[in-house]
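To keep things clear, I will list the structure first and then write my remarks on it.
This is a predicted model, so every value here is computed, not measured. Hydrogens, waters and symmetry mates play no part in the numbers below; they use all other heavy atoms, side chains included. Naming: A, B, ... by sequence-line order, numbering from 1 per chain.
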Amino acid sequence: MDKTYNPHVIEQKWYETWEKDGHFAPAGNANGENKPYCIMIPPPNITGSLHMGHGFNNTVMDSLTRFHRMRGDDTLWQPGTDHAGIATQMVVERQLNAEGKTRHDLGREAFIDRIRDWKEESGGNITRQLRRMGSSLDWSRERFTMDDGMSKAVQEVFVRLHEEGLIYRGKRLVNWDPVLHTAVSDLEVLSEEENGHLWHMRYPLVDSQGKGSEYLIVATTRPETMLGDAAVAVHPEDERYSHLIGQFVELPLTGRKIPVIADDYVDPEFGTGCLKITPAHDFNDYGVWQKHRDEKAISEQPFGGLINIFTPDACIKSSPADDFSWGHKARDKDQLQRADNVPLEGKATSEIIPSEFHGLDRYEARKLIVKLLDKNDLLEKTDKHKLMVPRGDRSGAVIEPLLTDQWYVKVGPLAGPAIKAVENGDIKFVPDNWKNTYFEWMNNIEDWCISRQIWWGHRIPAWYDEQGDVYVGRSEAEVREKHGLSADMKLSQDEDVLDTWFSSALWPFSTLGWPENTDAVKTYYPTSVLVTGFDIIFFWVARMIMMGLKFMGDVPFKEVYIHGLVRDSHGQKMSKSKGNVLDPIDLIDGIELEALVDKRTAGMMQPKMATKIEKQTRKDFPDGIPSFGTDALRFTFASLASTGRDINFDLGRVEGYRNFCNKLWNAANYVLMNTEDKDCGQNGGEVELSAADKWITARLHQTQQTVIRSMEGYRLDHAAQAIYDFTWNEYCAWYLELSKPVLTNEKSSEAQLRGTRQTLVRVLESLLRTAHPLMPYITEEIWQKVAPLAGVEGATIMREAYPEPPVDKVNAPEGSREGPLGGEDAIHEMEWVKEFIVGVRQIRSGMDIKPSKPLPVLLQNTNDTDKARLERNQNTIAFLARTESINVLSAEEEAPESATALVGEMKVLIPMAGLIDKDVEMARLTKEIEKKQQEVGRIEGKLSNPKFVERAPEAVVKKERDKIADIQTALNSLKEQRERISKM
RNA sequence: AGGCGCGUAGCUCAGUUGGUUAGAGCACCACCUUGACAUGGUGGGGGUCGCUAGUUCGAAUCUAGUCGCGCCUACCA
C-alpha cells in the first residue's frame, strides 16, 4: 500500500475491475435463498450532467444496493436515461440555429437522426459521471426511454388505455407555449408573482337610457384579450348591477355587442365587481362560458362566444386562414364544427378584429389597446398590480391558454387504486409524512394532457383518415385490419409525440422487458424501493404508481424513500443563474479557482451577474476546491441523509470526511506494518486475547448493529456517524494505541502477539465490510491487503458477506466471522484503563507538564479489582500515560502532596514535588468540585421530591441514587484532597 | 387562502418510544513534529435547544398558542 492516501489512483482502477469482472450483475437465485432486491434508477435526462442532487441520490441508491448485495440478496440496480423530449429537442435545435438552420429545414426524420447522433456523442456524459461516483449499476441492462423495447411498452399502454376509454382526444384549453409551439401539462407550468398592472376599462352600455351609469368598468391584467370577450359577468346578487343583467355593452374598439350575464364566480369585492369573460383565453372564463354557452346572447356571439384571437405565436390573427391553422395543425371547417359543435357561420375571427391589431404580438397589441382606450376616454385608470404569471418551465415563455386538439389521459379511474395502495400500506413513504403530499395531489388530480407538438419523443399511435376520423392501434397495418379499412384509403399518423413523463411512468416495468413476460419482470417486479427527491412526487412517483397498478396489477415499488434537495451551505437552491452550483466531479478531482470562476460565469448573459458571481466565488473558494475523492464525497452525502427537506452542503464536511478517509488509510497502514509477514493466527496456533482485544471486538459488534439498523431505516447519516465514531474514536484513538505496548513489549508471548495481530486485522477487515457500501473504493483497496491476513479469500469486498454481528455479545456462538466475543468484563476493564490514562493526561495537561516527561504515579484507596486490573494492564498504562512508575499505597501509607484523578473510588496521585504548582492544582480541584456539587444539587432536588420517588419507574430512581452515591464519594475524595493541598 | 417543513454551539447538522452533565464535524484556545496519520495527537472553551403557556415526578422531545424563515398546492380578474 502507498504510504499516503491517494484516492485517484485507486478509484479509477477498482471501478474498471468491478465492471469488467461483472460484479454489478445480480447474483441470481441459484440456491433459492436470495431474495430479489431491485432499485430502478430515476433516469437522468440525456442532456444533463451530474449535479449535486444526482450525486446525493446515487450515493444513497448505491449504498443500499451494495448493502443488500453483500447481505446476499439477488440485487439489481438498473441504469438508464430519459430522452427528455423538449429539453433534448431544444439542445439540438440550438445547434442547428448556430448553423443558421431550423429543424424544418431538415425535416422530421433527418432531425431525429441528428438527435440520435447527438445522443451517441454527448448523451453518455452523465453515465460516465455516474461511474465516477462508484455506482454499482448493472450496465449490461442499461435502458433508454426511446429504445425499441420502451417504445413498444409505450405503444401498448397507449392502445390499451385508449381501448378502455382512458385516453381520449379533445379540444380544450391547454397550456400553450408560444415559443416552443407545444402544449405542456399543468406541472410544466411555473406560476410566479410578477409586477404588472390592473387596467380599468370602460365598456359603454348599449342602451343607457334611464339606467344611471353610461358604462361598466371592468378590470383586467390582460387588456389585449378584450378582443375575444364574449360577455361581462357580474355577481347575481350584486345590487349595483342586477338591473343590467341581460343588457348589452359595446365592446370598445370593435363595435361588437356583448351581454351582461350573471354568475356567482364573480367576486363582487374585487375591482368593480364586473368581470370581462374571454372564454378562449382564460381557464376560468372558459368555465363560466361552459355554464352560459346555451344562452342566446352568448351562443349568438361569433363562434358561440369562444373567440380565439391568437395564432400559435400568440399574435393577433390577421387572416381567415388563421382560424384553421391555430393550434398545431390545420383543420378544415367541417371538422372544427363537428368537434366543438360551434357554428361557423359568419365572419372569420380576423374580420371581427379591427385591422390595426392584425399580426401584432400579444404585448404590442396590449400597448396599442391601452393607448386607444385612453385616447377614446375609455380607460378609467391603471393600477400597479402583482399577479401570478405562468411560464413554461423549459422556455420561460409566458404560457397562453389556447384552444387546441390534444390527447388526454382520464386520470380519475387510475387514481383510485393508486390512492388505496398507499392508504393500505402496499407502498410506504419514508419519511411517512410525504404521503400527505401525495394524497393531496391525487385527490385533486386533473386529466393529463399527454400530447406534445414536438418531434423528439414517442409518436402517438393514432392515424387519421381524410375525414379526420381517428384510429388508434399498434401500427398502421393493425389499424387497417381492426377497422376494415381498405389499403388504398389514405391514412396519416398523428404528428404529435407523447409527454416524456408518459414513458417515465412505465419505467419500473418497461425496463424489465414488459410487455414481454420476461424472467426479469417476474423476478424484480415489484421493485424494492424508489429513491428520489420530493420535487417529482407528482411528475413521476404518482404516475408510476398509477401505471404500475394498471398494467402489472401490483405496485411498482414497496417503499418510496424521499430525500431532501441539495442546496448550498447557506440554504440557497443551487442554480446556474445564481452561480452557486457545485459539480460533484469537481469535488472529487478538485478545481483551480480560475477554472471554477470561468465555469460559473460561462454563458452569463448579464455582465453584472457574472461579476457578482465571480466575486462571490473568489470569496467562497479563495484557493479553489481541493480534491477530496469519491469516497469522501459519498461519505459526506451519506452523513447528510437525515430526514430533513433541505440538505445544506457545506464544504467543511467533505474536508472532514476526506480526513477521515486519510485516517482510515493510515490506520490500515499501521495494521499492515505490524501484521504483514507476521503470524496473525490465520493458520492456527495459540491465541491469547487481552481485555483490549475483547473490548474492541465487542464495540465493533455494537457498531455493526447500529449500522445495519440505520441502513434498514434509510438513516444513512446514522450509519455514517456510527462508522466514523468507531473507526476514529475507538479503533484508531484507543485500540491501535493499546496494541502498541503489546507489540513492542519484548516480554509479550507469542500467543499474546498473535491475539493482538489477529484482532488488529480481523476488526479492520470486518470494519471495511461494514463501511464498504458508503465508501467502496478505499475499503476495497485496503481489504485486498488485509483480507488474506484475516484468513479471508475473495476477489472483491463488494461480493463478500456483510457483517452479521452476534446479537448477544456474551453468549453468541464461537467462530463468528466478525471476531471472537467481547464480554462485559473486558468492556469494564477497558473503561477503567481508559479512565486511568485520561486522568493522568488531564493532570499533565492541566499542569503544563511536557508529554515527554515520565511521571511517577501512586494509587490510593484501591480494591482487589483495581489491583488485578493494574496487574494486567500496567505495561499498557505505562506506555500510554507515560508513567515512570506506578505504586499502590497501602491503607496506612501517607501520600505526599499530589495532584489527583479519580477512577471510580481509586485515587490516582501524581506527587507535586518539583512538578506541580499548588495554585493550579487548587483551581483544578475547585472547578471539578463545583461541577460535581452542581450535579449533586440537581439530583438531590429530584430525589427529595416525593412525587419523583413515588411515580418514576424504579429503575430510573435507582439510577439516580447510584449516581449520586458515586458522585458523593468522588466529591468527598476531591474535597479531602483540596483540604490537604491547601495546607501545604 | 390551504397544506407541509424548519428554527439546537460562530457555521453545517444529529438527538430513537419524554429519564446521563444535550452530542458530532468544522471553526476557536493552549500544548505537542513520540516510530500509522500535522489531512495528526493531547487537553480545553463555547448552547437558558426561537418564544410563551400547558401536560408530567421529569420536556430539546408531547399539546396549544406565538414569532421568524422556507417550500408546495390554489381560479381571484
Once the angle between the rings of A:Trp665 and A:Tyr5 is folded into 0 to 90°, is it parallel (under 30°), tilted (30 to 60°) or perpendicular (over 60°)? tilted
- Query: On a whole-Å scale, what distance lies between the P atoms belonging to B:C26 and B:U33?
  - Reply: 22 Å
CG (A:Asp285) and OG1 (A:Thr225) are apart, to the nearest 0.5 Å, by 7.5 Å
Checking B:G40, B:U21, B:G19 against the side chain of A:Pro953 (C-beta onward), the nearest is B:G19
**Report entry** Distance, C1' atom - from B:C51 to B:G7, rounded to whole angstrom
**Finding:** 11 Å
**Request:** Give a yes or no on whether a donor-acceptor pair under 3.5 Å exists between the nucleobase atoms of B:A36, that is its base, and the side chain of A:Glu737.
**Result:** yes
No-H, no-angle donor-acceptor pair, A:Arg645 side chain to B:C4 base, under 3.5 Å = yes
Closest to the 5' end of RNA chain B, once A:Cys661 and A:Asn433 are matched to their nearest nucleotides, is A:Asn433
query: Base, sugar-phosphate, or nothing: which does A:His385 touch, judged by heavy atoms less than 4.0 Å apart?
result: sugar-phosphate
Note: for A:Thr272 and A:Cys732 on RNA chain B, the residue whose nearest nucleotide lies more 5' is A:Cys732
message = Once you apply a heavy-atom cut-off of 4.0 Å, does A:Phe270 come out as touching a base, just sugar-phosphate, or nothing?
response = base
- Do the non-hydrogen side-chain atoms of A:Glu960 and A:Phe948 ever get within less than 4.5 Å of each other? yes
Review point. Which part of the nucleic acid does A:Lys850 contact within heavy-atom distance under 4.0 Å: base, sugar-phosphate only, or nothing?
Key: sugar-phosphate
Quiz prompt | Near-ring test A:Phe649/A:Phe56, centroid separation under 6.0 angstrom | solution = no
Listed range with range, the stems formed with RNA chain B by at least 3 consecutive Watson-Crick or G-U pairs (under 3.5 Å) are B:1-7 with B:67-73, B:10-13 with B:23-26, B:28-32 with B:40-44, B:50-54 with B:62-66
_Between B:U61 and B:G3, how far apart are the two P atoms, rounded to whole Å?_
23 Å
- prompt: With a 4.0 Å cut-off on heavy atoms, is A:Val266 in touch with a base, just the backbone sugar-phosphate, or nothing at all?
  reply: base
* Asked: What is the nucleic acid contact for A:Lys927, judged by heavy atoms within less than 4.0 Å: base, sugar-phosphate only, or nothing?
  -> sugar-phosphate
Exercise for the section: Check every strand shown and say whether A:Asn436 touches a base, only sugar-phosphate, or nothing at a heavy-atom separation below 4.0 Å. Expected result: nothing
So what does A:Trp199 hit on the nucleic acid, given a heavy-atom distance under 4.0 Å: a base, only sugar-phosphate, or nothing? nothing
If you look at every strand shown and take non-hydrogen atoms under 4.0 Å, does A:Phe635 touch a base, only sugar-phosphate, or nothing?
nothing
- Near A:Lys959 NZ, under 6.0 Å, is it more than 12 heavy atoms from other residues, nucleotides or ligands? no
Check your understanding: Is A:Thr221 touching bases, backbone alone, or none of the nucleic acid, heavy atoms closer than 4.0 Å?
Key -> sugar-phosphate
Base, sugar-phosphate, or nothing for A:Lys963, non-hydrogen atoms under 4.0 angstrom? sugar-phosphate
query = Looking for any heavy atom pair under 4.0 Å, which part of the strands does A:Arg222 touch: base, sugar-phosphate only, or nothing?
reply = nothing
Between CD1 of A:Ile910 and P of B:G43 the distance, given in whole Å, is 14 Å
| Within the structure shown, what part of the strands sits under 4.0 Å from A:Glu935 by heavy-atom distance: base, sugar-phosphate, or nothing? | base
Pick the P atom in B:U48 and in B:G54, then give their distance to the nearest Å. 22 Å
- [ ] Report which part of the nucleic acid A:Tyr724 touches: base, sugar-phosphate, or nothing (heavy-atom distance under 4.0 Å, all strands).
- [x] sugar-phosphate
Separation of B:G58 atom P from A:Glu960 atom CD, nearest Å, is 14 Å
| For atom P, what is the distance between B:C29 and B:C69, given to the nearest Å? | 34 Å
*Using the P atom on both, measure B:A22 against B:C49 and round to a whole Å.*
11 Å
Rounding to 0.5 Å, atoms CD (A:Glu655) and CG (A:Leu587) come to a distance of 12.0 Å
* Please answer whether the main-chain N or O of A:Ile778 pairs with a side-chain N or O of A:Asp631 as donor and acceptor at a distance below 3.5 Å. => yes
Taking B:U12, B:U42, B:A77 as options, the one with an atom nearest any side-chain atom of A:Arg653 is B:U12
Of B:U12, B:U21, B:A77, the nucleotide closest to the side chain of A:Asp650 is B:U12
Query raised in the report: For atom C1', what is the distance between B:C75 and B:G5, given to the nearest Å?
Result: 26 Å
Per atom distances to the A:Asn284 side chain, the nearest of B:A36, B:C75, B:C13 is B:C75
Which of A:Tyr438, A:Tyr561, A:Phe439, A:Trp434 passes ring pair (Phe, Tyr, Trp, His ring centres under 6.0 Å) with A:Phe429? Answer is A:Tyr438
Taken to the nearest whole Å, CG/A:Asn443 to P/B:A74 is 14 Å
message: Regarding A:Pro946, tell me which of base, sugar-phosphate or nothing describes its non-hydrogen contacts under 4.0 Å with the strands shown.
response: nothing
Looking only at B:A14, B:A36, B:G40, the nucleotide nearest the A:Tyr670 side chain is B:A36
Between CZ of A:Phe726 and C1' of B:G23 the distance, given in whole Å, is 20 Å
Of the listed B:A36, B:A77, B:G19, the closest approach to the A:Lys3 side chain comes from B:A36
A:Val956 has its side chain closest, among B:G19, B:A14, B:C32, to B:G19
To the nearest angstrom, the CG-C1' distance between A:Asp646 and B:C69 comes to 11 Å
* Asked: Is it the case that more than 12 heavy atoms not belonging to A:Lys573 sit under 6.0 Å from its NZ atom?
  -> no
A:Leu587 CG to B:U39 C1', in whole Å, measures 17 Å
Whether the side chain of A:Arg841 and the base of B:U42 hold a donor-acceptor pair under 3.5 Å is what I'd like checked. no
Margin query: Checking A:Lys381 against A:Asp383 for the salt bridge (charged side-chain N to carboxylate O under 4.0 Å, His left out) test, could you report, in this order, the C-alpha distance in whole Å, the side-chain angles of both residues, the deciding distance, and whether it holds?
Written below: CA-CA 7 Å; A:Lys381 60 174 175 173; A:Asp383 291 339; 3.5 Å; yes
Are more than 12 heavy atoms from other residues, nucleotides or ligands located less than 6.0 Å from atom CD of A:Glu954? no
* Asked: Looking only at atom P, what distance separates B:A74 and B:U17, rounded to whole Å?
  -> 34 Å
